[in-house]
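So the structure is just underneath, and the comments pick up after that.
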2 protein chains.
Amino acid sequence: MDIKKTYSISELAKEFDVTTRSVRFYEDQGLLHPTRRGQTRIFSSKDRVRLKLILRGKRMGFSLAETKELFDLWDETLSGNEKQLLLMLDTLANKRAQLEQQKNDIAQAEMEMDTAEARCREALAELQKKKRQQTKAKTEEPVEQK
Amino acid sequence: MDIKKTYSISELAKEFDVTTRSVRFYEDQGLLHPTRRGQTRIFSSKDRVRLKLILRGKRMGFSLAETKELFDLWDETLSGNEKQLLLMLDTLANKRAQLEQQKNDIAQAEMEMDTAEARCREALAELQKKKRQQTKAKTEEPVEQK
DNA sequence: GATAAAGTTTACGTAAACGTAAAGTATTTT
DNA sequence: AAAATACTTTACGTTTACGTAAACTTTATC
């Protein structure tokens with residue numbers, strides 16, 4: 001039960017901060033299926049959800065083709081065909097493995113960023129110490145040049 | 001202290017399952033810096049580590065340009081310039097935020113895959129039930145046609 | 001009724017990340 | 001020495017995911 005039932009292309013584009021060009025491209029690639037009033041596209045809340053999924057997929061490094069494959073598989077499971085259901089389960093398992101790999105990668109990266117950050121802070125602390133010593137030297141003997 | 005000190009292009013390519021073309025491309029883009037013996041590339045273990053980081057970056061959805069930026073920034077921090085150090089810390093903070101977003105995305109995706117999988121299994125269970133009923137009907141009255 | 005605003009199609013252009021082929025060099029093996 | 005193997009450079013081709021411009025229609029506004 002979404003707030004609204006239909007959306008114009010620019011409404012969607014604005015909401016998700018993409019260009020209308022991108023939205024049309026996603027339709028072209030078979031990821032969105034707006035109806036038409038005349039020649040104008042009318043997007044349903046299902047399309048809106050899918051757009052959200054497309055963009056999240058992109059952030060996770062999924063290609064449009066991969067996302068489309070998931071969409072299509074999911075649609076076909078609704079037909080209740082056993083073979084399709086099994087195929088969907090298999091695909092889901094694969095995606096899960098992929099996400100596991102990504103989680104490992106991220107955890108590794110975070111650890112390395114921790115040590116990198118620590119070294120930066122150490123180096124900065126060193127610089128600060130030197131600065132303080134210089135300042136100290138100046139305030140203790142400010143008359144020397146005179 | 002890695003096992004070996006230097007690597008040929010095909011050794012690296014084989015180890016990380018990429019083409020030599022890719023490795024050369026990464027050098028071309030300034031991500032790797034092999035030395036030369038004649039005109040042949042000789043990769044150090046530092047290059048090897050970087051190749052590993054490049055590939056992990058790709059799995060996390062990083063572009064080569066992004067990865068290169070991190071490499072370059074890190075190299076410059078070693079010069080101990082304060083401005084560079086602060087810039088590095090800032091960049092690290094941004095990357096962290098990016099990874100947080102990805103973790104959220106992955107968690108969301110996993111939840112949705114859970115419910116998708118559950119629905120598939122339900123649908124399959126339904127199919128199995130129907131099958132069993134058909135089988136039952138046949139075994140109980142196998143003589144009917146006679 | 002003119003004009004602006006939002007929509008459309010068509011089509012060429014572009015950046016990223018390689019693939020692929022051609023043609024040559026250097027070394028090693030038979 | 002001939003052939004196979006591994007490396008090189010040069011350069012054009014390809015896919016993905018759009019950007020950008022041109023030319024046109026429909027709807028809303030002054």
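Just so it is clear, the values below take in all heavy atoms, side chains as well, and ignore hydrogens, waters and symmetry mates.
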For the pair made of CG in Leu55(B) and P in dA17(C), what is the distance, rounded to whole Å?
-> 12 Å
Looking at dT8(D), does its base get a donor-acceptor pair with the side chain of Arg24(B) below 3.5 Å?
-> no
Can you check the Asp17(A) CG to dC18(D) P distance for me, whole Å?
-> 13 Å
Are Asp90(A) and Lys95(A) close enough for a salt bridge, meaning some N to O gap below 4.0 Å?
-> no
Using atom CG of Leu64(B) as one end and atom P of dT16(D) as the other, report the distance to the nearest whole Å.
-> 18 Å
Proximity to the side chain of Arg21(B) - top-ranked nucleotide from dC18(C), dG19(D), dA17(C) = dC18(C)
How long is the line joining CZ of Phe62(A) and C1' of dT16(D), in whole Å?
-> 17 Å
Can a side chain N or O of Tyr26(B) be found less than 4.0 Å away from OP1 or OP2 on dC18(C)?
-> yes
Name the nucleic acid region contacted by Thr19(B), choosing base, sugar-phosphate or nothing; use a 4.0 angstrom heavy-atom cut-off, strictly under.
-> sugar-phosphate
Ile9(B) CD1 - dT25(C) P separation (whole Å) = 19 Å
Any salt bridge between Arg24(A) and Glu27(A), counting N to O under 4.0 Å?
-> no
If only atom types and distance count, is the side chain of Ser22(A) paired as donor or acceptor with the main-chain N or O of Val18(A) below 3.5 Å?
-> no
Atom CZ of Phe25(A) and atom P of dT20(D): how far apart are they, to the nearest Å?
-> 15 Å
Provide, to the nearest angstrom, the distance between the CD atom belonging to Glu69(A) and the P atom belonging to dT16(D).
-> 13 Å
Would you call Arg41(A) and Glu11(A) a salt bridge, taking side-chain N to carboxylate O under 4.0 Å as the test?
-> no
Lys/Arg-Asp/Glu bridge criterion (N-O < 4.0 Å) met for Lys83(A), Glu76(A) | no
What nucleic acid atoms does Ser8(B) come within less than 4.0 Å of, heavy atoms only: base, sugar-phosphate, or nothing?
-> sugar-phosphate
Given dA17(D), is OP1 or OP2 found less than 4.0 Å from the side-chain N or O atoms of Ser22(A)?
-> no
Does Lys58(A) put a side-chain nitrogen or oxygen below 4.0 Å from OP1 or OP2 of dT16(D)?
-> no
Just compare dA17(C), dA6(D), dT8(D) and give me whichever is closest to any side-chain atom of Ser10(B).
-> dA6(D)
What is the distance from CD1 of Ile42(A) to P of dT8(C), rounded to the nearest Å?
-> 10 Å
Indicate, with a heavy-atom threshold strictly under 4.0 Å, whether Arg36(B) touches base, sugar-phosphate, or nothing.
-> sugar-phosphate
Could you check whether Arg41(A) gets within reach of a base, just the sugar-phosphate, or nothing at all, counting any heavy atom under 4.0 Å?
-> sugar-phosphate
